[in-house]
Amino acid sequence: MKKFNMTLIAACAALLVSTAPLAEIAIIANPASGAGELDAKTAKKLFLGKTKSVPGMSGVTLVGQTDDSPTKAEFTQKITKKQPAKYKAYWSKMIFSGKAVPPKELANDAEVKAYVAGHADAIGYVDASIVDDTVKVLLRAP
Amino acid sequence: MKRINAPIASLVLCSALVSSQTLAASWADRISLGGFASTNYNLTNSDTPFNGPADIGHDDKGSWSGTRMGLNINADINNRFRFASQFFAGKAEDFDLHIDWAFGDLSLTDEISIRAGKIKFPVGLVNEYAQVGYAMPWIDTPVVIYTEMGSPNGPQMTRESYTGASALGNISAGDWTLGADLFGGEVALEGANVRRLGGLNLTADWDDSVLFKVSAYQGVMSVAGNPMMDGAKHKVLMYGVKTDWNDIIFYAERGDVTMGEINEMKATSWYTTLGYQMGKLLPHLTYQSYEQGKGSPQEDEQNIITLGLRWDFLPSVALKAELSQIKTNKGVGLFPQGSTPAGTVNMVGFGLDTVF
């Protein structure tokens, strides 16, 4: 019985780990950009290259992360509603048909935050836990 | 000779270095590079080459002719104007490196832009990225519509690119994005030209899950030494739907083409694909139908069934395998004119695709 209980506890722990909340994603801009809040649909269209307009901004440089970044995997599923491979295939269609230019890719959250903090026209995504007052949050996706 | 004032020279030199570094950094932000590559192998159980002449068609000796690569360079000159280009080389053209497309794109508003230059031919659901294996489920685009090869006739529905200009517009309405592309110019082919080309694409995209597209264009053939073709009006109408919804992948597309009054070149092609995404695996089934010259002495009727599997086994890399059965009911279809292919030919294919 004791053995059974231990097994049950271990199983529950494993379940808790596997269903633990994943990182919250924040879409960020430069505080001086004048950008207003984004809704989820606009954020999706923006990062799929279907719109270039953000309320309060005249031009936008999108900043993403490289494929090995765990934040990118979270972002593609929460914001663009695509698995990472499908997000990649989607942008392949857009790039190689000449329809749109993909987001500039940086290595990790810290690089994206630093880039956005230094460029008034930049919009990027990071793990919400690293956000500070050098950037402005336009949207949070839990 | 006057001596140069050292502090001023240092200042000028430093300014030049700083400004050139700033300029370089600025341009590094504005220029983006990307590329794609595919390696394909196809083998049939027939010595008659399929979908191309003996040196590039698929036969029982095996063919790597689908192997190809491209390099894309985009320069954002400013927020409203960009210059985009793509270089391409493939085994079917002896890896002759050429400009696939290169054009300037001016955004007049967020919704309207104009382009001029050598532009990817925009008709059909997948023609604009037909060479990018990674962007599609199949090893190659459905041949009954997206090939310029095959028999001397072939479906003749799509082209690689055109030289000219286009006006593009799109508007959003709720979850829908509606688009239009009005284009005109000319197409240079091997030994022929399509002049006075004009066409229109209309698209309706629902939340990036369902895409409807209708394309129509016409042009005038200019073929020296071929009085039957020279001056013929080439008209094409294509329409299709593509979905990627709840892991269900679906394509259905049809094209109709006429070449003046030449009945032998009047063709109708269609295909449909159904697949289901299971994690990194995408099994799919495709049926293609090709009819040309109905009622003429050179009538062709062919259909192809393909069972395929795509496996995204690494980020940005996909491996594909396909089994096809090509059934020729009348004429030669996409086998060479004058050949006598067996009623049914089987083909196996493998592909490795990447983007970078």
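From a predicted model like this one, the values you see are computed outputs, not experimental measurements. Sequence lines set the chain letters: A, B, ... in the order given, protein chains first and strands last, and positions in each chain run from 1.
For the salt bridge (Lys or Arg N to Asp or Glu O under 4.0 Å) criterion with A:Lys72, the lone passing option out of A:Asp127, A:Asp109, A:Asp67 is A:Asp67.
Contact of A:Lys104 with chain B is made through the side chain alone, with heavy-atom distances under 4.5 Å. Residue A:Ala73 does not touch chain B at all, counting heavy-atom pairs closer than 4.5 Å. With a 4.5 Å cut-off on non-hydrogen atoms, B:Ser209 does not touch chain A at all. In this structure, no portion of B:Arg80 lies under 4.5 Å from any heavy atom of chain A. The part of A:Lys41 that comes within reach of chain B is its side chain, from C-beta onward, which places non-hydrogen atoms under 4.5 angstrom from that chain. Only the side chain of B:Asp244 comes within contact range of chain A, judged by heavy atoms closer than 4.5 Å. Contacts between A:Tyr87 and chain B at a heavy-atom distance below 4.5 Å are absent for every atom of the residue. Looking at A:Lys81, neither its backbone nor its side chain comes within 4.5 Å of chain B, counting heavy atoms on both sides. Neither the backbone nor the side chain of B:Leu71 comes within less than 4.5 Å of any heavy atom of chain A.
Interface remark: of the candidates B:Asn79, B:Val355, B:Asp76, B:Val355 forms the most heavy-atom pairs closer than 4.5 Å to chain A. Interface remark: of the candidates B:Ala84, B:Pro315, B:Gly35, B:Gly35 forms the most heavy-atom pairs closer than 4.5 Å to chain A. In terms of heavy-atom pairs under 4.5 angstrom with chain B, the leader among A:Lys44, A:Met94, A:Lys86, A:Lys52 is A:Lys86. Comparing B:Lys120, B:Glu111, B:Gln86 by heavy-atom pairs within less than 4.5 Å of chain A, the highest count is held by B:Gln86.
The pair A:Asp132-A:Lys113 meets the salt-bridge criterion, since a charged nitrogen lies less than 4.0 angstrom from a carboxylate oxygen. For B:Arg68 and B:Asp140, the salt-bridge test passes: some basic side-chain N is under 4.0 Å from an acidic carboxylate O. Between A:Lys50 and B:Asp205 there is a salt bridge, since a side-chain N of the basic residue sits under 4.0 Å from a carboxylate O of the acidic one. The pair A:Arg140-A:Glu24 meets the salt-bridge criterion, since a charged nitrogen lies less than 4.0 angstrom from a carboxylate oxygen.
Inspection of the A:Gln83 and A:Lys88 side chains reveals no N or O donor paired with an N or O acceptor under 3.5 Å.
Note: B:Phe121 and B:Tyr162 have perpendicular aromatic rings, judged against thresholds of 30 and 60 degrees for the angle between ring planes.
Side-chain contact between B:Ser172 and A:Lys45 is present, with at least one heavy-atom pair separated by less than 4.5 Å.
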